There are 2 protein chains.
Amino acid sequence: MSTIRDVAKLAGVSVSTVSRYLNKSGYVNSETEQTIKYAIDKLKYAPNQVARGLAGKKTNTIALILPDISNLFFSDLARAVEDVAATYGYTVIFGNSDDQAVKEKRYIETLKQKYIDGIIFASNTLGHDDAEMLTKLGIPFVCLDRGPSEENSSIVRSKNKEGAIMAVQHLLDVGCRKIAHIYGPQHLITAKERLIGYEQSVQILDWYSPTLIEPGDFRIAGGMKATDRLLERHPDIDGIFAGNDLMAIGALKALHRKGIPVGRQVAVCGFDGIQTTEITVPELTTIAQPIYDMGALISRLLIKKIEGKLEEDRLYELDVKLIVRDSTFRRQGTNEQA
Amino acid sequence: MSTIRDVAKLAGVSVSTVSRYLNKSGYVNSETEQTIKYAIDKLKYAPNQVARGLAGKKTNTIALILPDISNLFFSDLARAVEDVAATYGYTVIFGNSDDQAVKEKRYIETLKQKYIDGIIFASNTLGHDDAEMLTKLGIPFVCLDRGPSEENSSIVRSKNKEGAIMAVQHLLDVGCRKIAHIYGPQHLITAKERLIGYEQSVQILDWYSPTLIEPGDFRIAGGMKATDRLLERHPDIDGIFAGNDLMAIGALKALHRKGIPVGRQVAVCGFDGIQTTEITVPELTTIAQPIYDMGALISRLLIKKIEGKLEEDRLYELDVKLIVRDSTFRRQGTNEQA
DNA sequence: TTGAAAGCGCTAACAC
DNA sequence: GTGTTAGCGCTTTCAA
């Protein structure tokens, strides 16, 4: 592995000239440029990024902190983030926080000692203190769904409330007249907004009752349990809007176990648009977030911010899309309740 | 952010003493040790990893190159790798190769300029030349499933052939007497070994015919198409062993569309043990690889190798496990063929 | 347009 | 046991 010094020697110039050429900072005569180019080629020289990092405090590395990479939603997101990062010449480090603030703090500590250029938080545990510290240190960061302060960070999320409204509307359109909601952990803004959307849509309807709302945990098991409880209270439910796809899958399973035909008797709609929704039987109707786009956007925002090209931090709310599949397919007028 | 120099000054010792204390290299008087400890605390000092990296060529960072992080199997693996790495104080970088050698080469190039400590290849495109170069550069690496050379790299995989034999045996046990196989891309050793296992198990049986074997692409769509073709040729198939879970899910879908009852008429068995197999209807019987364990092991091996504590490189073949679920549930003697 | 030289913060001889 | 010092490979003033 040759160094910048070797290149300088071979080209008969000084290291600073080579450096200037490399970074396109400052003037370099086009003839000497050629000589340098030749020397670099000849020596197969590639700049040492660690040395660069030390000297320039720029490592071309970003970090992605998420709750759990093995969660379908986040692995999709990670893919997008890395794709974009690679395009811009950045490497990405990831860390699983399990939504625990301690773990997140630990990563932040490590990352700042590594001169990471910026951080994407897809975890919801970032505290005000950390945000402040990062800002003070001059480490740019962006957040998915929610940021600790509206000031120092751009935020990317999708239109959760609107999506919830679309979901309820769709269920009404296919003939449902008693729609329950399974909501996720209320410390997550996504879960909260979706619940609000549901409430807004249904509270004016005559069949509405608060007992149609049941908590889940954003996971399959939680969706199953919630469905069981709902059916106990209201055997005549004909629609379920789950706060995310995993819980909707849980609902599907619970209904299936009870021998209740999904779609025909009870329509189910999820939220997120993870790939697995195409695998269930019946396939799951869902409000799809543009997961890949969200990852790509957030990554691009961070990089712009790192490179000082981001005008201002702001909130980006992306559109969601209703994807109709068999879990909400009901024959015309088929509305008999068991 | 204070430096080692600040600590040295405050403690009234030299930087080398502090460094010795930090790295536990060389003697340090227990009294001065206390002083140093105090100074570090007082200044909230934390060593700069980039400077350390430059001086010592050790960055406490490993890389994980995989085909696609959004693939269920690999995101599970990534989780395990990162868990173990974090435990040992390593940070992990990931890269998506899409099984393209060019992309993989690009990552290797970047990684070596970043003084990465070691690499895990879960991608199958690593060439002999790259392996040689890494070895020459002294960058340790380990591989999932297959390595380019048996020499310089430990390899972790599971018992693919044995698993395939178990799958076929299970299908026979539940009464199948005409079992087809959908195999994956033959440049992947996993797909190859599973095919071999199938062939070995069935070729002695009187119903066996090579036309019971059909290629898939390790994805859902491929599994569906293969199933359609198989049923065309052999409408009386009563068992399908798919080379991986995604293709098995495809088979489930194809059978479902044709109105063929899975389990009762045609039993389906997959391979891998990804989480999604619990979501399908019916739930999928599969040969589960210990995915998390594989990730944890490979990560641990790499770190040991980096730290010079690995005695010798070798092949680790982990046991697989048959998980029986409804997709292979057949009533006693129910063996009528449509 | 180019070069000399002083760091970036740490490690590791080597000398005391 | 401890301190001095020369790098690690690069960027970046500042002069020329």
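Just so it is clear, the values below take in all heavy atoms, side chains as well, and ignore hydrogens, waters and symmetry mates. Keep in mind that this is a model prediction, so the values were computed, not measured.
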Rounded to whole angstrom units, what separation is found between the CE atom of Met1(B) and the P atom of dC8(C)? 13 Å

Would you tell me if any nitrogen or oxygen in the side chain of Arg5(B) comes within less than 4.0 Å of OP1 or OP2 on dC10(C)? no

Let me know the distance between CG of Asn23(A) and P of dT13(D), rounded to the nearest Å. 12 Å

Spatial distance of atom CG (Leu137(A)) from atom CE (Met1(B)) [nearest 0.5 Å]: 6.5 Å

Whole angstroms only, please: what is the CZ-C1' distance between Arg52(A) and dT12(D)? 13 Å

If you find the nucleotide of DNA chain C closest to Ser30(A) and the one closest to Leu54(A), which residue's nucleotide is nearer the 5' end? Ser30(A)

Of the nucleotides dG9(D), dC10(D), dG1(D), which has the atom closest to the Ile4(A) side chain? dC10(D)

Determine the minimum heavy-atom distance between Asp130(A) and Lys105(A), stating which atoms define it. OD2-NZ, 3.0 Å

Please pick, from dT1(C), dC10(D), dG3(D), the nucleotide with the shortest atom-to-atom distance to any side-chain atom of Tyr45(A). dC10(D)

From the list dC10(C), dC10(D), dG3(D), which nucleotide is the closest neighbour of the side chain of Asn48(A)? dC10(D)

Contacts of Ala51(A) and Arg20(A) projected onto DNA chain D by closest heavy atom; the upstream (5') one is Ala51(A)

Here the distance between atom P of dG9(C) and atom NZ of Lys57(B), to the nearest Å, is 18 Å

Assess whether a salt bridge exists between Lys305(A) and Asp313(A), defined as any Lys/Arg side-chain N lying under 4.0 Å from an Asp/Glu carboxylate O. yes

Hey, is the side chain of Thr32(B) poking within less than 4.0 Å of OP1 or OP2 on dT2(D), counting only N and O atoms? yes

Between dT12(D) (C1') and Tyr27(A) (OH): distance, integer Å: 16 Å

Lys/Arg cation over aromatic Tyr21(B): Lys24(B), 6.0 Å, 45° cone: yes

Roughly, in whole Å, what's the span from CG in Asp6(A) to P in dC8(D)? 11 Å

When all nucleic acid strands are considered with a 4.0 Å heavy-atom cut-off, which category describes Val50(A): base, sugar-phosphate, or nothing? nothing

It should be established whether Tyr21(B) places a side-chain nitrogen or oxygen under 4.0 Å from OP1 or OP2 of nucleotide dC10(C). no

Phosphate-side-chain proximity, Thr17(A) and dG3(C), N/O vs OP1/OP2 below 4.0 Å: yes

Whole angstrom is fine here: how far is it from CD in Gln113(B) over to P in dC8(D)? 18 Å

Lys112(B) NZ to dG9(D) P: how many Å, rounded? 14 Å

Strictly below 4.0 Å, N to O, side chains only: are Arg79(A) and Asp98(B) in salt-bridge contact? yes

Can you tell which of dT4(D), dG9(D), dT2(D) lies closest to the side chain of Val15(B)? dT4(D)

Would Asp68(B) and Ser70(B) count as a side-chain hydrogen bond (donor to acceptor under 3.5 Å, both in side chains) here? Give the steps. CA-CA 5 Å; Asp68(B) 179 6; Ser70(B) 70; 2.9 Å; yes

Do the side-chain N or O atoms of Ser14(B) get closer than 4.0 angstrom to the phosphate oxygens (OP1, OP2) of dT2(D)? no

With a 4.0 Å cut-off on heavy atoms, is Ser16(B) in touch with a base, just the backbone sugar-phosphate, or nothing at all? base

Return whichever of Glu33(B) or Ala55(B) has its heavy-atom-nearest nucleotide of DNA chain D closer to the 5' end. Glu33(B)

Minimum-distance nucleotide (side-chain atoms of Ser19(B) versus dT11(D), dT11(C), dC10(C)): dT11(C)

